[in-house]
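First comes the structure, then the notes that go with it.
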Amino acid sequence: MSHSIAANPSKDGNKRRKVFNKLISYFFLLLLTCVTIVPFLWTVSISLKGQNDVIFSIPPQFIPNTFTLDNFITVWNTLPIPRYLLNTVILTFFGVVLPLILCSFAAYPLARMKFKGMNIIFLLIIATMMIPGEVTMIPVYLVIDKLGLMGTYTGIIITSAITPLGIFLMRQGFQEIPKEIEESAVIDGANVWQIFWKLMFPMVKPMLGVLAILCFISSWNNFLWPLLILDDPNMYPITLGLYQLQGAFSANTRLIAAGALIALLPVIIVFVMFQRYFIEAAYSSSVKG
């Protein structure tokens, strides 16, 4: 009896310490959230302000005196935003579908097959992630020019059709699948293609969702490479369209903020739809083994 009574204070102390640590963690997470979301809220506020509302003030005025959608209407009517969005959708579609397929093709043998030099090949692929994109930009540009792909969407799409990060993510996803599942399929008479496409590929949906979000954001926000490749304004994606918007309305911050939100809205929608795959992928990685 005396031992149990003596042990209670230490248990209570551990509980208080855990609660305190959680409160500290939540505080810093809340602080990080505020730092991250304030610029977005500020952009939304500016885009909804009328001509008589003050943009820059101390303290900042987040809530407009008069809400208006005129800024969005002006941007939509001034620039061919629907055309820019359609071009961006085309580039983004291939910028997501091709990496999902090609990175899976490259990652599957590295994760599930045994062959000589497998680890060396994987290390070489990962090592390319340390090379800045600016270093390879000129050689890739020359290759695209020699292939006659300047001024085409193909010249943009093939440069991101397969990425080292995508191969790494998909390899991790395939490695988490128990070997017994694959062995059972072999016993049932399935060949390599059937095992990959009908069995293994559907089982890595969380990692496919993560890679899809990353590829979507990268393709949707791609600016420098389309700027170098494309020369026809009718083929510009939304990022280059916003670049023209900044030149057309350099003194009108409200219109620039409205255009930025028009381009950002699809990214937010896609992230909200696929965010559960981030959680599933993180959870499956944490409980591996």
Side-chain angles (χ1 to χ4, degrees), residues 80-108 125-126 128-129 131-145 147-174 197 201 204-244 259-278 281:
I81 298 296
R83 180 64 186 179
Y84 293 153
L85 291 175
L86 177 60
N87 297 338
T88 308
V89 168
I90 295 173
L91 291 173
T92 304
F93 174 79
F94 290 101
V96 172
V97 173
L98 290 180
L100 291 181
I101 297 176
L102 298 180
C103 290
S104 298
F105 284 165
Y108 179 73
I125 293 175
I126 297 301
T128 60
M129 296 175 61
I131 303 176
E134 292 77 5
V135 175
T136 60
M137 185 170 295
I138 294 178
V140 174
Y141 180 88
L142 295 176
V143 171
I144 295 297
D145 186 30
L147 293 175
L149 298 177
M150 297 295 296
T152 65
Y153 285 157
T154 305
I156 300 174
I157 293 171
I158 63 173
T159 57
S160 58
I162 186 168
T163 62
L165 178 60
I167 297 175
F168 172 78
L169 291 176
M170 295 310 303
R171 179 178 180 270
Q172 295 301 111
F174 285 124
W197 188 250
F201 193 74
V204 292
K205 283 184 179 179
M207 201 61 73
L208 287 171
V210 173
L211 182 58
I213 293 177
L214 296 177
C215 291
F216 179 87
I217 295 175
S218 177
S219 299
W220 191 272
N221 294 330
N222 194 8
F223 170 78
L224 183 56
W225 196 246
L227 180 63
L228 295 175
I229 298 298
L230 300 178
D231 51 11
D232 185 1
N234 292 324
M235 299 179 64
Y236 282 176
I238 190 65
T239 49
L240 293 186
L242 288 179
Y243 181 71
Q244 290 186 330
L261 286 179
I262 292 175
L264 183 61
L265 184 60
V267 177
I268 297 176
I269 294 174
V270 169
F271 180 79
V272 171
M273 292 175 57
F274 289 89
Q275 63 174 336
R276 65 187 181 91
Y277 290 110
F278 266 107

With sequence neighbours excluded, what pairs up with Val96 under the side chain to side chain contact (heavy atoms under 4.5 Å, CB included) test?
-> Thr92, Leu100, Ala212, Cys215, Phe216

What heavy-atom pair brings Tyr84 and Pro233 nearest, and what distance separates the two atoms?
-> CE2-O, 3.6 Å

Quick one: pull up OG1 in Thr152 and CE in Met150 and give me the separation to the nearest 0.5 Å.
-> 8.5 Å

Go through the steps for Ile238 and Ile81 under the test side chain to side chain contact (heavy atoms under 4.5 Å, CB included), then give the verdict.
-> CA-CA 7 Å; Ile238 190 65; Ile81 298 296; 4.2 Å; yes

Value for CG (Leu147) from CG (Leu149), rounded to nearest 0.5 Å, stands at 5.0 Å

For Pro164, what residues pass the side chain to side chain contact (heavy atoms under 4.5 Å, CB included) criterion, not counting sequence neighbours?
-> Ile125, Thr128, Met129

Heavy-atom nearest pair, Met235 first then Leu230, reads O-CD1, 3.4 Å

Please name all residues satisfying side chain to side chain donor-acceptor pair (under 3.5 Å) with Tyr153, sequence neighbours left out, ordered by chain then number.
-> Asn87

Does Phe93 CZ have over 12 foreign heavy atoms under 6.0 Å away?
-> no

Should the heavy atoms of other residues, nucleotides or ligands under 6.0 Å from CD1 of Ile138 be counted, would the total exceed 12?
-> no

Among Ser160, Pro237, Ser219, the one residue meeting side chain to side chain contact (heavy atoms under 4.5 Å, CB included) with Leu91 = Pro237

Taken to the nearest 0.5 Å, the spacing of Asn221 CG from Leu224 CG works out to 13.5 Å

Please answer whether the main-chain N or O of Asn222 pairs with a side-chain N or O of Thr239 as donor and acceptor at a distance below 3.5 Å.
-> yes

Contact summary for Cys103 and Leu211, nearest pair of heavy atoms = CB-CD2, 4.3 Å

Begin with the C-alpha distance, continue with both residues' side-chain angles, and end with the deciding distance and a verdict on side chain to side chain contact (heavy atoms under 4.5 Å, CB included) for Leu214 and Leu169.
-> CA-CA 11 Å; Leu214 296 177; Leu169 291 176; 3.8 Å; yes

All heavy atoms of Leu242 vs all of Ala263, minimum pair found to be CD1-CB, 3.5 Å

Evaluate the criterion side chain to side chain contact (heavy atoms under 4.5 Å, CB included) for residue pair Met137 and Leu228; output intermediate values, then yes/no.
-> CA-CA 10 Å; Met137 185 170 295; Leu228 295 175; 3.7 Å; yes

Ala107 to Ile167 - nearest heavy-atom pair and separation = CB-O, 3.5 Å

For Met170 against Val204, the heavy-atom pair lying closest together = CE-CG2, 3.7 Å

Where do Phe201 and Leu208 land on the side chain to side chain contact (heavy atoms under 4.5 Å, CB included) test, with the steps shown first?
-> CA-CA 9 Å; Phe201 193 74; Leu208 287 171; 3.9 Å; yes

Residues which pass side chain to side chain contact (heavy atoms under 4.5 Å, CB included) with Val140, listed by chain and number, not counting sequence neighbours = Thr136, Ile144, Thr159, Trp225

Using side chain to side chain contact (heavy atoms under 4.5 Å, CB included) as the criterion, list what pairs up with Ser218, not counting sequence neighbours.
-> none

In short, side-chain hydrogen bond (donor to acceptor under 3.5 Å, both in side chains) pairs touching residues 97-108 with sequence neighbours left out are Tyr108-Glu182

